[in-house]
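Notes follow once the structure below has been shown.
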Amino acid sequence: MPRVPSKPITAAEAYPLIFAVIKRIPRGKVASYAQVAYAAGFPGRARMVGRALADAGGGGPKLPWHRVINAQGRIALPRSSEAYVEQKTRLVAEGVLFEGDRISFTRYGWKRGSAPVLD
DNA sequence: GCGATGACAACGC
DNA sequence: CGCGTTGCCATCG
């Protein structure tokens, strides 16, 4: 598909869509920032998803923010942070196992072991 | 208006 | 696997 010049989007408009996508990531599965962005209708804007979560800071009780990881299968937070530990704990609690500090998209990727990015 | 800053990603080496 | 580079784009100072 041709690259469409996308117009700027504000947080107020994008966040609800992004959160809506994150809410449908099944338990025990994970999705990359890029995948979430793509599914929310913002291809190529993975950073915005990261910003959305950072702003949300916990994002509400119903938001499974811990199921969003980077394209390398790693938690996108400093190893030393509290949030890192919490995210890992939550994932392990729902059956997502780590290989070192990485998670296998092949096994736990949203939508049948999908690729990190595309739908 | 400009440069710096990110819970990012793809690609090259 | 690790690094550096480039592309990305809303925010912030």
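The analysis underlying the following values was restricted to heavy atoms, covering all of them including side chains, and did not include hydrogens, waters or symmetry mates. Each chain gets a letter, A, B and so on, in the order its sequence line appears, and its residues count up from 1.
Between A:Arg27 and A:Ala93, the shortest heavy-atom contact is NH2-O, 4.1 Å. Listed here is the closest heavy atom pair of A:Arg67 and A:Glu94: NE-OE2, 2.7 Å. Looking at every heavy atom in both residues, A:Pro78 comes nearest to A:Tyr84 through O-CB, 3.2 Å.
A straight line from CD1 of A:Ile18 to C1' of B:dC8 spans 12 Å, rounded to a whole angstrom. Protein atom CG of A:Leu17 is 16 Å distant from nucleotide atom C1' of C:dA10, rounded to whole Å. Here the C1' atom of nucleotide B:dC8 and the CZ atom of A:Arg45 are 14 Å apart, to the nearest Å. Straight-line distance from the CD atom of A:Gln72 to the C1' atom of B:dC8: 9 Å, rounded to whole Å. Spacing between atom CE of A:Met48 and atom P of B:dA7 amounts to 16 Å, rounded to whole angstrom units. We find that CZ of A:Arg47 is positioned 9 Å from C1' of C:dG7, with the value rounded to whole Å.
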Under-3.5 Å N/O pairs linking protein and nucleotides 11-13 of chain C:
residue : atom : partner : partner atom : Å
C:dT11  : OP1  : A:Ala11 : N            : 2.9

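Looking at residues 73-94 of chain A, you'll see A:Ala76, A:Leu77, A:Gln87 sit with a heavy atom under 4.0 Å from some atom of DNA chain B.
With hydrogens and angles disregarded, no donor-acceptor distance shorter than 3.5 Å links the side chain of A:Ser81 to the backbone of A:Leu77.
Of the residues A:Ile75, A:Asn70, A:Ile69, the one that meets the side chain to side chain contact (heavy atoms under 4.5 Å, CB included) test with A:Gln72 is A:Asn70.
Under the 3.5 Å distance criterion, with hydrogens and angles disregarded, a donor-acceptor pair is assigned to the side chains of A:Tyr15 and A:Asp55.
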